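Report on one structure; see the data block that follows.
Source: prediction; values computed, not measured. Throughout, a chain's letter reflects where its sequence line sits, starting with A, and its residues are numbered from 1.
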Protein chains: 2
Amino acid sequence: MSERSQETDAFADVCNQLRNHAYKLTPQRQTILKIFLEQGSGHLSAEEIYQLVKPHYPDIGLATIYRTLDILADLGILQKNDFGDGRSRYEFSRRDEHHHHHLICLRCGSVSEFDDDLLESLETMIAKRNKFKVVDHVLKFYGYCSKCQEELKRDV
Amino acid sequence: MSERSQETDAFADVCNQLRNHAYKLTPQRQTILKIFLEQGSGHLSAEEIYQLVKPHYPDIGLATIYRTLDILADLGILQKNDFGDGRSRYEFSRRDEHHHHHLICLRCGSVSEFDDDLLESLETMIAKRNKFKVVDHVLKFYGYCSKCQEELKRDV
DNA sequence: TTGATTGCAAAATATTTGCACGTCA
DNA sequence: TGACGTGCAAATATTTTGCAATCAA
């Protein structure tokens, strides 16, 4: 199966999810979705999505972007992240994907991803010890990416 | 040693840290610090701190609160947290304390804490595998606290 | 047809900044 | 004394909301 048809499948899949929840399938929502599918693994802010959508749909309003992102995040189609730069950042979260987390570079601000499996045992333990029912977790590592480590070595 | 003198020690300690970094020890800064020492383990927002400080120092401005919190967080005296409610929340971080993380209740918004030690091996692995130099990490579990679990059982 | 959705503008919220004045060291 | 710190008000930045018009189902 080609990459293209995988994308198409994901698109159809999300459209169905919207319909199942009685949300209407407006061209604005479709355009926003396509942006995420094209971007692959970006961490986009509302403003960035707005700029990317505008060429395809010039009349769209920023409020629609926010409202759509809210819905898609509620449905679990997008993951809403906070990387500490004062705005929320969204990424497409494929259903079959492992839960992944982020490595955030304190120097250049780049965000990369890593998978976790090891966290699950910790999660179980926490739940028992604190009588807390865990439904989600967020793990972020702050530090320096390899590129910045090189540059710091060179400059200082 | 009494609780009172422990507090006093911590206060003197922070004052020294400020002096060492050539920051002036203004009454505003001292008042803000005392609030944190009195609060113990609260997760306070700038606005909340403002309200708590005002009775002790009525003329203080909100901007001073923000500026002071910035400095104290930079020095590692306070920990700046984001619990997803749209404002930053600060807590006093005692130097000898284990790194701790948060359990955030999705129903009532309460935040409790837990210690981690197990995360360190994961951190080492991540660093090796991704050539990323980790200097800090944040781990948050979202779910339902025991009180809300009870109430959900009863109501639904 | 009709309730959901949209664009726009205004509002709300949190935080930052410019500046004249005050004060800690 | 003099650089640092402060209060105030205004500016920013992000996100939310009210509303009349529009559109998907």
Side-chain angles (χ1 to χ4, degrees), chain A residues 11-12 14-33 35 43-75 77-78 80-90 109, chain B residues 11-12 14-33 35 43-75 77-78 80-90 109:
Chain A
F11 181 73
V14 176
C15 290
N16 280 328
Q17 282 193 67
L18 284 173
R19 266 192 287 267
N20 293 342
H21 289 264
Y23 287 116
K24 288 182 179 168
L25 206 58
T26 66
Q28 291 94 329
R29 288 174 182 170
Q30 296 185 48
T31 312
I32 293 171
L33 265 172
I35 293 297
H43 303 103
L44 303 171
S45 69
E47 181 65 34
E48 283 167 356
I49 294 157
Y50 184 47
Q51 297 304 333
L52 289 168
V53 169
K54 262 208 275 189
H56 298 87
Y57 200 105
D59 282 346
I60 202 165
L62 188 50
T64 301
I65 306 283
Y66 276 106
R67 286 186 282 231
T68 303
L69 293 175
D70 248 24
I71 291 172
L72 295 176
D74 272 357
L75 294 182
I77 293 161
L78 298 182
K80 185 177 181 177
N81 295 299
D82 172 73
F83 298 138
D85 63 347
R87 72 207 70 179
S88 295
R89 298 189 162 274
Y90 300 80
Chain B
F11 181 72
V14 175
C15 289
N16 280 328
Q17 282 192 66
L18 284 174
R19 266 193 286 268
N20 293 341
H21 289 264
Y23 287 116
K24 288 181 179 167
L25 205 58
T26 67
Q28 291 93 330
R29 288 174 182 170
Q30 295 184 48
T31 312
I32 293 171
L33 265 172
I35 293 297
H43 302 102
L44 304 172
S45 68
E47 182 65 34
E48 283 166 358
I49 295 156
Y50 184 47
Q51 296 305 331
L52 290 168
V53 170
K54 261 208 276 190
H56 299 86
Y57 200 104
D59 282 346
I60 202 165
L62 187 51
T64 300
I65 305 283
Y66 276 107
R67 285 186 280 230
T68 303
L69 293 176
D70 249 23
I71 291 171
L72 295 176
D74 271 357
L75 294 181
I77 293 161
L78 298 181
K80 186 176 183 177
N81 295 299
D82 172 73
F83 297 139
D85 63 348
R87 73 207 71 181
S88 295
R89 297 188 162 275
Y90 300 79

Next item on the list: Give the nucleotide from the list D/dT6, C/dA25, C/dT5 with an atom nearest to the side chain of B/L25.
Entry: C/dA25

Check: Would you say A/R67 reaches D/dT17's phosphate, i.e. side-chain N/O to OP1/OP2 under 4.0 Å?
Finding: no

Next item on the list: Go through C/dT5, D/dG5, D/dG7 for me and flag the one nearest to the B/I60 side chain.
Entry: D/dG7

Check: Counting side-chain heavy atoms from C-beta on, which of D/dG2, C/dT6, D/dG7 comes nearest to B/K24?
Finding: D/dG2

Check: Taking for each residue the nucleotide of DNA chain C bearing the nearest heavy atom, is the 5' side occupied by B/G86 or by A/Y50?
Finding: A/Y50

Check: For B/K80 and C/dT16, what is the distance between atoms NZ and C1' respectively, to the nearest whole Å?
Finding: 11 Å

Note to self: Which nucleotide wins on minimum distance to the side chain of B/T64, given the candidates C/dC24, D/dT6, C/dT15?
What the structure shows: D/dT6

Margin query: I need the CG-C1' distance between B/L62 and C/dA14, as an integer number of Å.
Written below: 9 Å

Margin query: From C-beta outward on B/A46, which listed nucleotide comes closest to its side chain: D/dT6, C/dT6, C/dT15?
Written below: C/dT15

Check: For the side chain of B/Y57, counting heavy atoms from C-beta on, which of C/dC8, D/dG7, C/dT17 is nearest?
Finding: D/dG7

Notebook entry, point to check: Side-chain N or O of B/T26 less than 4.0 angstrom from OP1 or OP2 on C/dT23?
Noted result: no

Checklist line | A/R87 CZ - C/dT15 P separation (whole Å) | finding: 15 Å

